[in-house]
Amino acid sequence: MTMITEPRWTGEHVVSEANGQRSREQGVLAAGNHSAGTVLAKNADGDFVALAPGASDATKTAAAILYAPTDATAGPVSCVVHSRDCEVHDECLAWPDGITDAQKTTALKALDSAGIVVR
């Protein structure tokens, strides 16, 4: 028997969002190949990057959730993120490998401060 694992679908993490496009923001994903629902931070240039909770710069602070799978392995690309006024499914979020409970709690508080409620 072959087991096939589907990647996260675009917007699968969304429980609810504000009218129109208020919850979403256009941005730049600086690097990496990330699935929908990846928890993101912003780097010093203001571009989105995968959350790095052990970092000593702004990349340790959760700022948004990636809306659709996005591949920036060849360089920065445009992306859409949920950055405010929305609810998301916790089980549909992609967290960094090895994130501790304390780091996740800190990230959840940062998302909540931005108006992103994790259910």
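- Side-chain contact, Gln103 with Thr106: no donor N or O sits under 3.5 Å from an acceptor N or O.
- Taking the side chain as every heavy atom from C-beta outward, Asp57 and Lys42 never approach each other to under 4.5 Å.
- Cluster annotation: Phe48 and Val28 are assigned to distinct hydrophobic clusters (Ile/Leu/Val/Met/Phe/Trp/Tyr, side-chain heavy-atom contacts under 4.5 Å, transitive).
- What you find for Pro53 and Pro96 is that their closest heavy atoms are CD-CG, 3.7 Å.
- Rounding to the nearest 0.5 Å places CD of Glu25 at 8.5 Å from SG of Cys79.
- Sorted by first then second residue, the ring-ring contact (aromatic ring centres under 6.0 Å, His included) pairs that include residues 56-106, not counting sequence neighbours, are His13-His82, Tyr67-His82.
- Summarising the geometry, atom CG belonging to Leu51 is positioned 11.0 Å from atom NZ belonging to Lys60; distances are rounded to the nearest 0.5 Å.
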Practice item. Apply the test side chain to side chain contact (heavy atoms under 4.5 Å, CB included) to residues Val49 and Leu40: give CA-CA distance (whole Å), side-chain angles for both, the deciding distance (0.1 Å), then the verdict. Key: CA-CA 5 Å; Val49 296; Leu40 302 173; over 6 Å; no

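- Thr70 and Ser78 make their closest contact through CG2-O, 4.0 Å (heavy atoms, listed as atom of the first residue, atom of the second, distance).
- Scanning all heavy atoms of the two residues, the minimum distance from His34 to Ala31 falls at NE2-O, 3.1 Å.
- Atom-to-atom distance recorded for Cys92:SG and Ile65:CD1 is 11.0 Å, nearest 0.5 angstrom.
- Put simply, OG1 on Thr38 and CG on Leu66 are 5.5 Å apart, with the number rounded to the nearest 0.5 Å.
- Here the CD atom belonging to Glu17 is positioned 11.5 Å from the CD1 atom belonging to Ile116, to the nearest 0.5 angstrom.
- Taking every heavy atom of both residues into account, Ala107 and Ala62 meet most closely at O-CB, 3.7 Å.
- Counting heavy atoms from C-beta outward, Arg8 and Pro69 have side chains that stay 4.5 Å or more apart.
- Between Val117 and Val88, every side-chain heavy-atom pair lies at or beyond the 4.5 Å cut-off.
- Here the OG-CZ distance, from Ser23 to Arg84, works out to 7.5 Å after rounding to the nearest 0.5 Å.
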Practice item. Kindly indicate, with the supporting measurements, whether the criterion side chain to side chain contact (heavy atoms under 4.5 Å, CB included) is fulfilled by Val118 and Leu111. Key: CA-CA 8 Å; Val118 179; Leu111 291 173; 4.1 Å; yes

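- The pair Asp85-Arg24 does not count as a salt bridge, with every side-chain nitrogen at least 4.0 angstrom from each carboxylate oxygen.
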